[in-house]
Undergrad: 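Attaching a single structure in structure tokens format; questions to follow.
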Amino acid sequence: MAGYRAVLFDMNGTFMFGGDRFDPQQDYYTSYRAVGGGSLSFADVQSAVSACYAAFLRDYEDPRLVECFPSLADFITTHSGVPASEHEAIAMTIARHEVGKVPAWAALALRSVAEQSAVAIVSNVWAPSHCWKEELIASGVAPILAAAIFSTEVGAIKPSARPFLAALDAVGAFPDEVLFVGDSLERDILPARKLGMTTCLVGTSTPGVAADFHIQSIAELAR
């Protein structure tokens, strides 16, 4: 890590886990009540979140939307079918199911990397950025971050170059001074490498020739 001015990390699936809980068995209504919602029925909440998530999955794979991805508020307004007075509660319900946890071992690895290089996040997220920052604070990761670039604030999702360029600007580094670490070839490795960054693929995906390095876990970066 000492050879890089900055190390940029994807978040979900790279050092945060257990998020994106949107399978058909999820109880969105309990989450809705936990965030202060109360006037919608169980069926209304389940239907609203499911409809928004289905639209999100469709749009996330649409290359025409990479540079202008709709906000969570846009999805809720267009697809939830609930009154405007309930939009915030549905947004917070979705956030509770999207945001994961940073395990202690992952936080330790990030802190280890930060002792030698600037550390920043470049992540595609759906919920408002403050929802993610709460977990970064709770896990002890927030204090070591030089920057956190979220797609919700940029208005574009990876593989757009814009989130990557925003991170480079934030840490004051050129691409050839940076290592990018992520778990997606399409949304992390290929666009980062196209910009001239060194890349490290995390997880069990076959690395092929696209990434410069391949590790099973970011714990290996602290060794």
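Small disclaimer: the values here were computed from a predicted structure and weren't measured.
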Undergrad: Do side-chain atoms of E98 reach the backbone of A127 as a donor and acceptor pair under 3.5 angstrom?
TA: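 Answer holds: yes.
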Undergrad: Looking at Y60, I'd like to know if the NZ or CZ of R187 sits under 6.0 Å from its six-membered ring centre while staying within 45 degrees of the ring's axis.
TA: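 Yes, cation above the ring, under 6.0 Å and within 45°.
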Undergrad: Which value, rounded to the nearest 0.5 Å, describes the distance between T93 atom OG1 and Q26 atom CD?
TA: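 If I round to the nearest 0.5 Å, the distance is 12.0 Å.
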Undergrad: Would you say that L221 contacts I218 through its side chain, given a criterion of any heavy-atom pair below 4.5 Å between the two side chains?
TA: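 Side chain of L221 against side chain of I218, heavy atoms only: contact under 4.5 Å found.
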Undergrad: Is any side-chain heavy atom of V122 closer than 4.5 Å to one of D10?
TA: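 Answer no - side chains too far apart.
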Undergrad: Closest approach of N12 and S123, non-hydrogen atoms and distance?
TA: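 That closest heavy-atom pairing would be N-OG, 4.4 Å.
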Undergrad: If you look at every heavy atom in C52 and I94, which pair is closest and at what distance?
TA: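 Shortest heavy-atom separation between C52 and I94 comes out as CB-CD1, 4.2 Å.
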Undergrad: Report yes if some heavy atom in the side chain of L179 is under 4.5 Å from a heavy atom in the side chain of M197; otherwise report no.
TA: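 No, every pair of side-chain atoms sits at 4.5 Å or beyond.
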Undergrad: Can you hop from F22 to F75 via hydrophobic side chains spaced under 4.5 Å?
TA: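 As far as the 4.5 Å side-chain criterion goes, F75 and F22 are connected within one cluster.
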Undergrad: On a heavy-atom basis, which atom in R162 and which in A156 lie closest, and how many Å separate them?
TA: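 Closest approach of R162 to A156, heavy atoms only: NH1-CB, 3.5 Å.
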Undergrad: Is it true that Y32 and E86 share a donor-acceptor pair across their side chains at a distance under 3.5 Å?
TA: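 Indeed, the side chains of E86 and Y32 share at least one donor-acceptor pair under 3.5 Å.
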Undergrad: Pick out which of F164, Y4, F9 makes a ring-ring contact (aromatic ring centres under 6.0 Å, His included) with F180.
TA: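 One option only clears the test, and that one is F164.
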Undergrad: Same cluster for I215 and F17 if Ile/Leu/Val/Met/Phe/Trp/Tyr side chains link at under 4.5 Å?
TA: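 Hydrophobic grouping puts I215 with F17.
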Undergrad: Should M92 and R96 count as side-chain neighbours, where that means a heavy-atom distance under 4.5 Å?
TA: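 SC-SC contact between M92 and R96 ruled out.
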Undergrad: Pair S80, H87 - check side chain to side chain contact (heavy atoms under 4.5 Å, CB included), show working.
TA: CA-CA 8 Å; S80 71; H87 285 187; 4.1 Å; yes
Undergrad: Sequence neighbours left out, what passes side chain to side chain contact (heavy atoms under 4.5 Å, CB included) with R64? Give chain and number order.
TA: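 Partners of R64 under the side chain to side chain contact (heavy atoms under 4.5 Å, CB included) test: D62.
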Undergrad: Would you say the side-chain atoms of S139 pair up with the backbone N or O of L136, donor to acceptor, closer than 3.5 Å?
TA: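 Flag set: sc S139 to bb L136 pair under 3.5 Å.
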Undergrad: Mind checking whether H97 and S31 have side chains closer than 4.5 Å, heavy atoms only?
TA: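 A side-chain contact exists here, since the closest heavy-atom pair is under 4.5 Å.
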Undergrad: Treat each ILVMFWY residue as a node, draw an edge where side-chain heavy atoms are under 4.5 Å apart, and state whether M16 and V119 are in one component.
TA: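 Yes, it is one cluster - the side chains of M16 and V119 are joined through contacts under 4.5 Å.
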Undergrad: Could you measure the distance from the CG atom of N124 to the CD1 atom of I149? Nearest 0.5 Å is fine.
TA: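 Between atom CG of N124 and atom CD1 of I149 there are 12.5 Å.
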Undergrad: So does S160 get a backbone contact from the side chain of E67, meaning a donor-acceptor N/O pair under 3.5 Å?
TA: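 No.
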Undergrad: Would the distance check show the side chain of R193 and the main-chain N or O of A210 forming a donor-acceptor pair, the cut-off being under 3.5 Å?
TA: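 A pair under 3.5 Å: yes.
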Undergrad: Determine whether a donor-acceptor pair (N or O, by modelled atom type, separation under 3.5 Å) exists between the side chain of E153 and the backbone of S129.
TA: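 Checked: no pair found.
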Undergrad: For V171 versus A120, what's the shortest heavy-atom pair and its separation?
TA: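 Closest pair (atom of V171, atom of A120, distance): CG1-CB, 3.9 Å.
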Undergrad: Taking atom types as modelled, find out whether D212 and T199 have a side-chain donor-acceptor pair closer than 3.5 angstrom.
TA: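 A pair is found: one side chain offers a donor N or O, the other an acceptor, under 3.5 Å apart.
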Undergrad: Inspect the surroundings of CZ in F42 and state if more than 12 heavy atoms from other residues, nucleotides or ligands are less than 6.0 Å away.
TA: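 Result for CZ/F42: enclosed.
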Undergrad: Among V202, L201, I189, T198, find the residue that satisfies the side chain to side chain contact (heavy atoms under 4.5 Å, CB included) test when tested with F213.
TA: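 Only match with F213 under side chain to side chain contact (heavy atoms under 4.5 Å, CB included): T198.
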Undergrad: Do any N or O atoms from the side chain of D74 and from the backbone of P70 form a donor-acceptor pair under 3.5 angstrom?
TA: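 Not at all, since once roles are kept as given, no pair shorter than 3.5 Å links the two residues.
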Undergrad: Look at the side-chain heavy atoms of Ile, Leu, Val, Met, Phe, Trp and Tyr, link any pair under 4.5 Å apart, and say whether V35 and W126 land in one connected group.
TA: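 In one cluster: no.
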Undergrad: Is there a side-chain contact between L168 and P175 in this structure, where contact means two heavy atoms from C-beta onward sitting under 4.5 Å apart?
TA: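 L168 reaches P175 side chain to side chain.
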Undergrad: Quick check: does any side chain N or O of E220 sit under 3.5 Å from a backbone N or O of Q216, one acting as donor and the other as acceptor?
TA: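 Side chain of E220 to backbone of Q216: a pair is present.
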Undergrad: Between CD1 of I76 and CD1 of I90, what distance do you get to the nearest 0.5 Å?
TA: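 Atom-to-atom, I76:CD1 and I90:CD1 are 7.0 Å apart.
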Undergrad: Quick one: CE on M11 to CG on D183, what's the gap to the nearest 0.5 Å?
TA: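 With rounding to 0.5 Å, CE (M11) is 11.5 Å from CG (D183).
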Undergrad: Rounded to the nearest 0.5 Å, what separation is found between the CG atom of D188 and the CD atom of E186?
TA: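 That separation rounds to 10.0 Å.
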Undergrad: Please find the pair of heavy atoms, one from V102 and one from A107, that lie closest to each other, and give the distance.
TA: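 Taking V102 first and A107 second, the nearest heavy atoms are CG1-N, 3.9 Å.
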Undergrad: Side chains of V7 and V181: does their closest heavy-atom pair fall under 4.5 Å?
TA: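 Yes, close enough: below the 4.5 Å cut-off.
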Undergrad: Mind checking whether W132 and F69 sit in one hydrophobic cluster, side chains of I, L, V, M, F, W, Y counted as touching below 4.5 Å?
TA: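 Not linked; separate clusters.
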Undergrad: Looking only at heavy atoms, what is the nearest atom pair of T14 and G182, with distance?
TA: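 For T14 versus G182, the nearest heavy atoms are OG1-CA, 3.6 Å.
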Undergrad: Quick check against the 3.5 Å criterion: does R21 have a side-chain atom that pairs as donor or acceptor with the backbone of G100?
TA: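 Looks like no, no N/O pair under 3.5 Å.
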Undergrad: Is a donor from one side chain sitting under 3.5 angstrom from an acceptor on the other, for D44 and S47?
TA: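 Side chains of D44 and S47: no pair found under 3.5 Å.
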Undergrad: With heavy-atom distances below 4.5 Å as the criterion, would you say the side chains of F56 and L72 are in contact?
TA: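 Counting from C-beta outward, F56 and L72 never come under 4.5 Å.
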Undergrad: Can a donor-acceptor pair be found, under 3.5 Å and without considering hydrogens, that links the side chain of S151 to the backbone of V125?
TA: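 Here the side-chain-to-backbone pair exists.
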Undergrad: Okay, side chain of H79, backbone of A54: is any donor-acceptor separation there less than 3.5 Å?
TA: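 Side chain of H79 to backbone of A54, a donor-acceptor pair under 3.5 Å: no, none is there.
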Undergrad: Calculate, to the nearest 0.5 Å, the distance between atoms CG and CD1 belonging to L110 and I144 respectively.
TA: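 Rounded to the nearest 0.5 Å, the CG-CD1 separation comes out at 5.0 Å.
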